[in-house]
Amino acid sequence: MKRTLYLKLLLGYVVFGILAFLTIATFTSHQTLNYIEKNTISGMYRESNLLASSYASNYYMGSMTLEDITSQLRSVSTYLNAEIWLIGGKGNILISTNNDSVPGGNVKDFDIASFGTKYYQKGTFFNTFSETTISVFSPVTINYKVRGYLVIHKPVSGLMHFKDGFLNISYLTLAIIFLCAFVMLGLFSFTVYLPIRKITQAAREYSEGNFDTKINIHSNDEIGYLAGSINYMATELSTLEEDQRKFIANVSHDFRSPLTSIKGYIEAIMDGTIPHEMQDKYLNIILFETERLNKLTQGMLELNKYGAKGSMMDISSFDINNTIKLVVQSFEGTCKKKRISFELILTGQTSYVSADMSKIQQVLYNLIDNAIKFSHPDSSITIETTEKNDKVFISVKDTGIGIPKDSLKKIWERFYKTDLSRGKDKRGTGLGLAIVREIISAHNENINVISTEDVGTEFIFTLPLTRQENPL
Ligand code: ATP
Ligand code: MG
């Protein structure tokens, strides 16, 4: 199996890391520098204003000597980590706190108007510095007249250190986030990816027909629910397969035994093993077996119609009491032989139901046929109809051999015959009740059985009542 989902997740994780790194290296770096610059400039402006209105003014008013001011400004410049200049109106440098630049020099092309409306400049300050520097100035005003300018210079490279420190914190934070994301990835693999892999593997086993594999996930979430549903589906599929296998085995068996005996008797007749005068007896057995095969084929064809859920129903309104009487009459001959009598307890004169008449006749026929087959001679079969709400309950009850408890559920299966019945009824195919159940469920009705071994059996099914004749 390709681990594409896992690879996609891993790729997503790495791409996230790279994008986050690039964002810090470009966007965050740029924004941080801007922020630091702005902050520094406003701080420098506050200082320059203060210095211009205190020390610088004192100099112009003559209350402090140039040396005094210079030494004062030097200590301030150390504190600010910046260079402080006092420039005359024409650009002549009166004080410079930097020992290298000589006071008394001139700032070439000095023109305060080039600052425009801004109080600072980023550059080389009229080509005085070799590196990019931020210069902030404040005019020194005495009696409303500008006498000079106090300028504070700070190289941009100094701010870069600041920014780098800031960025290092950001990179460290990113590394911690990246680590947390890795833990999340592990957690995701454990809770989502691994279970999905298990489910996929099981699905592949099922597709190869191996339904024994069970998905061992019991979490109480969507994945646990999915695993449970797939396990259920696999169990259903495996029983379906088992049912089909059983069905084919039963069909083959039921066809093979009569065919083997027919073949055996015909061969014996042909090669003279069976003498001429005995042939009639064996031809009768052959006829019996052929009839059984015919019945088997008919039954299977009938069931097949219902299995495909395509059986057309011819629903009409008819009197169920009358139908019961007619079906019972058709059994008169068989009953006489076994001295079995019928007791009919029917509700009222008529009881109209809406159903497929010929199919309900077949249901009654199969149930009564069973009741007669599995009854003892000289017994009675009771057929009763009861109306309850919108339903009529039809019961066929005998006092015959009964059905063992553990066979009760199986009698509805195709080809199933209880051990008790095998000796009594060789002709039976075991399809009769399967057909009955299909017909009743095609009507959306129910059928139940109550039986006790050696006491008797009762089948009860329902049909919908209609109050008048032919309402459809
Ligand atoms: P067929 O209906 O094709 O002649 P069958 O009667 O054996 O064959 P079903 O009608 O499907 O098949 O019945 C299945 C089995 O249920 C019977 O073989 C029998 O063992 C048991 N059974 C059904 N009805 C009764 C009954 N009234 N009393 C006792 N056992 C019954
Ligand atoms: Mg039957």
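Ligands are counted one by one from 1 in listed order, and the atoms in each one are counted from 1 as well. None of the values given here were measured: they were computed from a predicted structure.
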Checklist entry - Between Tyr45 and Ser138, which heavy-atom pair has the shortest distance, and what is it? => result CE1-OG, 4.0 Å
Checklist entry - When you measure from atom 23 (C) of ligand 1 to every protein heavy atom, which one gives the shortest distance, and what is it? => result Asn370 ND2, 3.5 Å
Checklist entry - Relative to each other, are the rings of Tyr193 and Tyr6 parallel, tilted or perpendicular (30° and 60° limits)? => result tilted
Checklist entry - Tell me: protein heavy atom nearest atom 27 (N) of ligand 1, and distance? => result Asp398 OD2, 2.9 Å
Next on the checklist: Please compare Ser375, Gly432, Ser407, Pro404 and report which has the shortest non-hydrogen distance to atom 2 (O) of ligand 1.
Outcome noted: Gly432
Next on the checklist: Tell me the protein heavy atom at minimum distance from atom 30 (N) of ligand 1, and give that distance in Å.
Outcome noted: Ile403 CG1, 3.4 Å
Checklist entry - Should Glu332 and Lys336 count as an ion pair when the cut-off is N to O under 4.0 Å? => result no
Next on the checklist: Checking side-chain polar atoms at under 3.5 Å, does Ser135 have a donor or acceptor matched by the opposite partner on Gln121?
Outcome noted: no
Checklist entry - So do the side chains of Phe393 and Lys388 get within less than 4.5 Å of each other, counting heavy atoms only? => result yes
Checklist outcome for this item: Near Phe459 (heavy-atom distance under 4.0 Å), the atoms of ligand 1 are 24 (N)
Checklist entry - Does some side-chain heavy atom of Val436 sit less than 4.5 Å from a side-chain heavy atom of Phe461? => result no
Checklist entry - Would you say Ser451's side chain and Gly456's backbone share a donor-acceptor pair under 3.5 angstrom? => result yes
Checklist entry - Counting from 1, what ligand 1 atoms have a heavy atom of Gly430 closer than 4.0 Å? => result 1 (P), 3 (O), 5 (P), 7 (O), 8 (O), 11 (O), 12 (O)
Checklist entry - Under a heavy-atom criterion of less than 4.0 Å, does Gly402 contact ligand 1? => result yes
Checklist entry - Going by the atom numbers of ligand 1, which of them fall below 4.0 Å from some non-hydrogen atom of Tyr416? => result 14 (C), 15 (C)
Checklist entry - Between the side chain of Asp398 and the main-chain N/O of Thr457, is any donor-acceptor distance below 3.5 Å? => result yes
Item to check | For atom 16 (O) of ligand 1, closest protein heavy-atom neighbour | outcome: Ile411 CG2, 3.3 Å
Checklist entry - If you measure every N/O of Lys417 against every N/O of ligand 1, is any gap under 3.5 Å? => result no
Item to check | Protein heavy atom at shortest distance from atom 18 (O) of ligand 1 | outcome: Ser421 OG, 3.2 Å
Item to check | Any N, O or S atom of Thr429 closer than 2.8 Å to the Mg ion (ligand 2) | outcome: no
Next on the checklist: Any non-hydrogen side-chain atom of Thr418 less than 4.5 Å from a side-chain atom of Tyr416?
Outcome noted: yes
Checklist entry - Centre of Tyr120's six-membered ring, under 6.0 Å away, within 45 degrees of the axis: is that where NZ or CZ of Lys118 sits? => result yes
Next on the checklist: Check this for me - ligand 1, Gly428, N or O atoms closer than 3.5 angstrom, yes or no?
Outcome noted: no
Checklist outcome for this item: Quick note on ligand 1: atoms under 4.0 Å from a heavy atom of Lys295 include exactly 1 (P), 3 (O), 4 (O)
Checklist entry - Should Leu433 be counted as touching ligand 1, given the test is an N or O pair under 3.5 Å? => result yes
Next on the checklist: Tell me whether Leu431 reaches ligand 1 (any heavy atom closer than 4.0 angstrom to a ligand atom).
Outcome noted: yes
Checklist entry - Between the side chain of Asn366 and the main-chain N/O of Gly432, is any donor-acceptor distance below 3.5 Å? => result yes
Next on the checklist: Checking a contact table here: which protein heavy atom is nearest atom 22 (N) of ligand 1, and how many Å away?
Outcome noted: Phe374 CE1, 3.8 Å
Item to check | Identity and distance of the protein heavy atom lying nearest atom 3 (O) of ligand 1 | outcome: Thr429 OG1, 2.4 Å
